[in-house]
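Beneath this line is the structure, given in structure tokens, with notes to follow.
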Protein chains: 2
Amino acid sequence: MAKRHTHTCPIAGVLNIFGDNWTWLLIREAFYGATRFSEIQRNTGIAKNVLSDRLDVLVNEGILVREDVGENGTRYAYRLTAKGESLHPVLLALHQWGNEHVYGPGNEPVLLLERATGKPLQPLAPTSRDGHRLTRAEIETRPGPGASKATVRRLAEAQE
Amino acid sequence: MAKRHTHTCPIAGVLNIFGDNWTWLLIREAFYGATRFSEIQRNTGIAKNVLSDRLDVLVNEGILVREDVGENGTRYAYRLTAKGESLHPVLLALHQWGNEHVYGPGNEPVLLLERATGKPLQPLAPTSRDGHRLTRAEIETRPGPGASKATVRRLAEAQE
DNA sequence: TTCATTTGGTTTTAATTTGCAACCAATATA
DNA sequence: TATATTGGTTGCAAATTAAAACCAAATGAA
């Protein structure tokens with residue numbers, strides 16, 4: 001899976017890692033606690049060569065680490081790094097959208113609950129620095145320090 | 001792009017729509033206000049046949065609508081439906097992760113700011129029903145009403 | 001009014017990626 | 001000691017994607 005998007009864009013950057021049919025499922029597995037190659041393969045149904053390739057990508061990106069767990073040699077555990085754990089909000093957002101809009105209310109396959117109360121989480125929503133919820137209109141997308149000229153131009157014409 | 005994941009899982013369900021290299025970029029375009037076929041194609045660099053196919057998927061899923069905008073006939077605008085707009089938190093979560101972990105602090109291509117204050121948004125984070133932030137350990141994943149037997153089994157063994 | 005250009009595609013072909021099965025060496029288990 | 005499991009790799013066929021050519025209708029410019 002070569003990097004395909006060359007635009008300077010955060011979404012494009014994410015797609016260069018996660019823009020395929022499997023990688024988010026591997027992240028799900030990691031958050032569910034699956035660490036072994038064979039375990040992940042069984043749980044997802046991914047082909048071994050593709051799994052091998054995707055794990056390499058995730059390890060190279062610093063999202064997973066491969067730890068030795070056999071006495072010496074050929075048993076490994078794949079675990080989330082801190083960078084990997086930082087994907088949790090994204091995974092939750094995907095999860096909530098899937099529950100709500102793919103399966104629908106009353107048909108959710110996997111609920112997300114607060115452990116202490118058993119009540120469902122709130123839908124993830126953007127908040128300002130002082131903690132209040134923001135609507136789409138209250139959010140501005142502005143070129144940042146890493147913006148290319150194309151990005152600046154693009155955002156300018158998006159304002160119309 | 002045939003549906004490939006048959007597991008009863010919200011993440012798998014999302015991947016059956018968004019599990020490719022382009023679809024999130026099309027959603028980005030929609031949120032930036034691009035509505036025309038040619039406009040989206042120019043902004044992303046996607047091949048026309050693939051764009052045609054992906055737009056059909058998004059329209060069939062009820063995420064975009066195709067509106068007639070030529071006097072009568074062959075000019076169209078693709079716009080987000082309410083279901084499409086509900087993807088906003090997911091897109092923001094991807095955006096924030098891309099800024100932080102693909103480009104890094106001080107190198108963000110596109111900032112997300114509160115329009116009123118110019119301050120950056122908070123990172124999206126899970127919150128309980130009464131509004132406090134939750135850690136990963138405080139969240140429980142439990143089989144919901146739509147869970148299959150495989151899902152129940154899977155979640156049970158994830159508890160170990 | 002005429003001609004060139006734009007729009008929103010479809011079709012064809014080539015390159016790339018995926019899925020599947022076979023294979024393998026090292027290790028663990030019975 | 002024999003068998004199964006682990007974590008892959010390799011090779012091939014099938015499916016998907018990219019790139020380019022092509023097209024009819026509609027628009028815009030002179």
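Keep in mind the model is a prediction, meaning the values are calculated, not measured. In what follows, chains carry the letters A, B, and so on, assigned in the order in which the sequence lines appear, proteins first and then strands, with residues in each chain numbered from 1.
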- Could you give the CD1-to-P distance, from B:Ile40 to C:dT7, as a whole number of Å? 12 Å

- Of B:Arg66 and A:Val50, the one whose nearest nucleotide on DNA chain C sits closer to the 5' end is B:Arg66

- Would you check, one step at a time, whether the test salt bridge (Lys or Arg N to Asp or Glu O under 4.0 Å) holds for A:Glu29 with B:Arg154? CA-CA 10 Å; A:Glu29 286 302 304; B:Arg154 180 74 187 79; 2.4 Å; yes

- Figure out the CG/P separation between B:Asp53 and D:dT17, and round it to whole Å. 7 Å

- Query: With a 4.0 Å cut-off, would you call A:Glu108 and B:Arg142 a salt bridge?
  - Reply: no

- Is any side-chain N or O of A:Tyr78 closer than 4.0 Å to OP1 or OP2 of D:dT6? no

- B:Gln41 CD - D:dA20 P separation (whole Å): 12 Å

- Whole Å only: how far is the CZ atom of A:Arg36 from the C1' atom of D:dT5? 10 Å

- Atom-to-atom span, CG of A:Asn49 to P of C:dA22 - whole angstrom: 15 Å

- In whole angstrom, give the distance that lies between atom CG of A:Asp20 and atom P of C:dT18. 7 Å

- Query: Quick one: is D:dT16 close enough that its OP1 or OP2 comes under 4.0 Å of any side-chain N or O from B:Trp22?
  - Reply: no

- Message: Using OP1 and OP2 only, check whether a side-chain N or O of A:Arg4 sits under 4.0 Å from D:dA18.
- Response: no

- Message: Let's test your reading of the model: under 3.5 Å, does the base of C:dT6 pair with the side chain of B:Arg75 as donor and acceptor?
- Response: yes

- Note on the structure: Here the distance between atom P of C:dA26 and atom OH of A:Tyr76, to the nearest Å, is 12 Å

- Is the phosphate of C:dT6, meaning OP1 or OP2, less than 4.0 Å from a side-chain N or O of B:Ser38? no

- Query: Between B:Glu85 and A:Arg136, is there a side-chain N and carboxylate O pair less than 4.0 Å apart?
  - Reply: yes

- Message: Is there a side-chain contact between A:Ser52 and the phosphate of D:dG7, meaning an N or O under 4.0 Å from OP1 or OP2?
- Response: no

- Message: Any carboxylate oxygen within less than 4.0 angstrom of a Lys/Arg side-chain nitrogen, looking at A:Lys119 and B:Asp130?
- Response: no

- What is the distance, rounded to the nearest whole Å, between atom CD1 of B:Ile46 and atom P of D:dA20? 16 Å

- Item | salt bridge (charged side-chain N to carboxylate O under 4.0 Å, His left out) involving B:Arg79 - partner list, sequence neighbours excluded | B:Glu67

